[in-house]
**Q** 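Handing you this structure, nothing more for now.
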Amino acid sequence: MKAKEIRGKYLRFFESKGHTIISSASIMPENDPSTLFTGSGMQPMVPYLLGEEHPAGTRLTDSQKSFRAGDIEDIGDNRHTTFFEMLGNWSLGDYFKKEQIKWMFEFLTEELKLDPKRIYVSVFRGDKKIDISRDDEAVGFWQEQFKNVGIDAQTVDNAEKKGMQEGRIFYYDEKENWWSRSGTPDNMPVGEPGGPDSEMFWDFGADLKIHENSPYRNQPCHPACDCGRFLEIGNNVFMEYIKTESGFQPLEKKNIDFGGGLERLAAAVLDNPDVFMGDLFEEIRLKLEELSGKKYNESDEVTNSFRIVMDHLRGATFIIGDNKGVVPSNTDQGYIVRRLIRRAVRYGKQLGIEKNNWTKEIAEVVINKYKDIYSELEENKSFILEQLDKEENQFSKTLEKGLRELEKGTDPFVLFTTYGFPIEMTQELAEEKGIKINIKDFEKKMKEHQELSRTASAGKFKGGLADHSEETTRLHTAAHLLLAALRKVLGNDVQQKGSNITAERLRFDFSYDEKMTDEQKLEVENLVNEAIQKDIRIICEEVPLSEAKEAGAVGAFESKYGERVKVYKIADEEKTFSYEICGGPHTERTGELGQFKITKEESSSAGVRRIKATLGIRIG
Ligand code: SER
């Protein structure tokens, strides 16, 4: 069974259980300054998990493009990838544990035909500190499912010390069996939703001796052991609490948040613990074998390099190719793309690739593989290839020289500024070569260049809640008006390339080749302010994607399952100011926005301009 079939089966299965299929949100989070990328299916769903009504109903399912920047340096084992597709289903105050566990079991064992004897599950052990008890309810539902197929599912505790103990259902603490965007109950900021969860694991089998051959061989093996014998294939989150000043309180409505990595489900179906051996990577692997003249499995070192190159270039392709895609740069998401490409180039060199302009050849294979589901990759193809080429060329020129400089003990700051070595790469290289580098000194120098705060991206996620404060909502609505105005003034080729909103200002990237003239800027401001002055009511409609597209809505048109989308319309009898597919939230009326002003217009990268804008006091 190919991954495409698994994805399709999953969505259709939950559709048959009354779920509406919704499209993947952008990989760039919207209105969520707490994080650089969408790292799980639940992230774009937070407002709805907190109680906002979703236009598509209370049962939803999707395949969400996800990216975890924190994992970049860890790529190389058999199951981690920075980019992945997360299959998800949601109950927004609708069904709960019983249905979720029943359906999940049915999906795994009947649709995917996974052998139930090789499925293990975990549940929350309970925690007195936060006054949340052991999840015996989930245990009961799992036992019922296993019993139906003739398996007596015993619960066991303390597996970390005592191992399998012939158990089927394992109790773990909040580090394993609690989910919120920001981690454990202690780390969650007030206002954040979360809850205990129940994970499912696929057992590749004790006979493979994976555990015995791993660094964990001196500890007992159990489902959450990191040796790789067990693979987590999905997580059922029972999202029923909200953190408050005085501890956890039940949310008004109990939710289900299920997420399962497509690559991992495919590995279980294939019964191969190496996700990179799945068909999603097949053509990429073959292309890399052709380019490098090496075989994926020829040695551990080669396999490691293959995984890094395959993972990083797939991730970079998706990030650049997103409809809100970003290009390599020294800040924020752009810096992550830069690191991905440069690290891939370095490992490509190690694999013996001598030719230039090869990264785009891999990207072409990635685009071909995914374009049926994520059509934006095909639409943005020339842009993706161009950007990869540019970044690869720029870095290839300095890589070897930089490596020699590093051996001589050159300052990491110079390596960064002169040779384009991201500091994480310098650290990695220094470690490999046993060279000591002074990070403190680097940080100080970077701070002087006022860049560091922006590059501390991996840690940014800890920032907590999405900021849905009034200010950001107003700026978000302004972003819609801005895009529409830019398209009127500069032409319909203008596409949004990214946005970032803080409480103070809107930053907006869009495709356009030239510097805007003062007249054009003024015209854009006037158009936006005209809509604001008219104090128009903003209408949100929920329509099939095809209908939105036909009616000329702008926004990300992604995936192909006939899903319904939310469209925000800003129009009066005379004119349509904006019509855009978007997840919200928005203000009720344009009059809430205040005077719109462009404070800066500059180049962001080749073919992309950047506008910074603010809203003044209310004029409506
Ligand atoms: N939010 C959970 C996760 O990402 C399940 O979707 O694991």
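First listed ligand is number 1; within each ligand, the first listed atom is number 1.
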**Q** For atom NZ of K9, decide whether the heavy atoms of other residues, nucleotides or ligands shown that lie under 6.0 angstrom number more than 12.
**A** yes
**Q** Please report the interatomic distance CD1(I581) to OH(Y568), rounded to the nearest 0.5 Å.
**A** 12.5 Å
**Q** How does Q64 reach ligand 1, if at all, at less than 4.0 Å between non-hydrogen atoms: by side chain, backbone, both, or neither?
**A** neither
**Q** Given side chains that start at C-beta, do those of I169 and V156 come closer than 4.5 Å, heavy atoms only?
**A** no
**Q** What protein heavy atom is closest to atom 7 (O) of ligand 1, reported as residue, atom name and distance in Å?
**A** N235 ND2, 3.4 Å
**Q** Around atom NZ of K17, are there more than 12 heavy atoms from other residues, nucleotides or ligands closer than 6.0 Å?
**A** yes
**Q** Salt bridge (Lys or Arg N to Asp or Glu O under 4.0 Å) with D279: which of R285, K369, K4?
**A** K369
**Q** Do any nitrogen or oxygen atoms of G259 come within less than 3.5 Å of a nitrogen or oxygen of ligand 1?
**A** yes
**Q** Determine, using heavy atoms of R181 and all atoms of ligand 1, whether some pair is separated by less than 4.0 Å.
**A** no
**Q** Find all atoms of ligand 1 within a distance of less than 4.0 Å from any non-hydrogen atom belonging to R68, and give their numbers and elements.
**A** 4 (O)
**Q** What class does the angle between the rings of F146 and F105 fall in, given that below 30° is parallel, 30 to 60° is tilted and above 60° is perpendicular?
**A** perpendicular
**Q** With heavy atoms of V237 as the reference, note each atom of ligand 1 found under 4.0 Å away.
**A** 2 (C), 5 (C)
**Q** What are the atoms of ligand 1, with element, lying closer than 4.0 Å to any heavy atom of F258?
**A** 5 (C), 6 (O)
**Q** How about Y120 and E199: does a side-chain donor come under 3.5 Å of a side-chain acceptor?
**A** no
**Q** In terms of atom number and element, which parts of ligand 1 are under 4.0 angstrom from non-hydrogen atoms of S40?
**A** 4 (O)
**Q** Considering only the protein, which heavy-atom contact is closest to atom 1 (N) of ligand 1, and what is its distance?
**A** D257 OD2, 2.8 Å
**Q** Determine, using heavy atoms of M239 and all atoms of ligand 1, whether some pair is separated by less than 4.0 Å.
**A** no
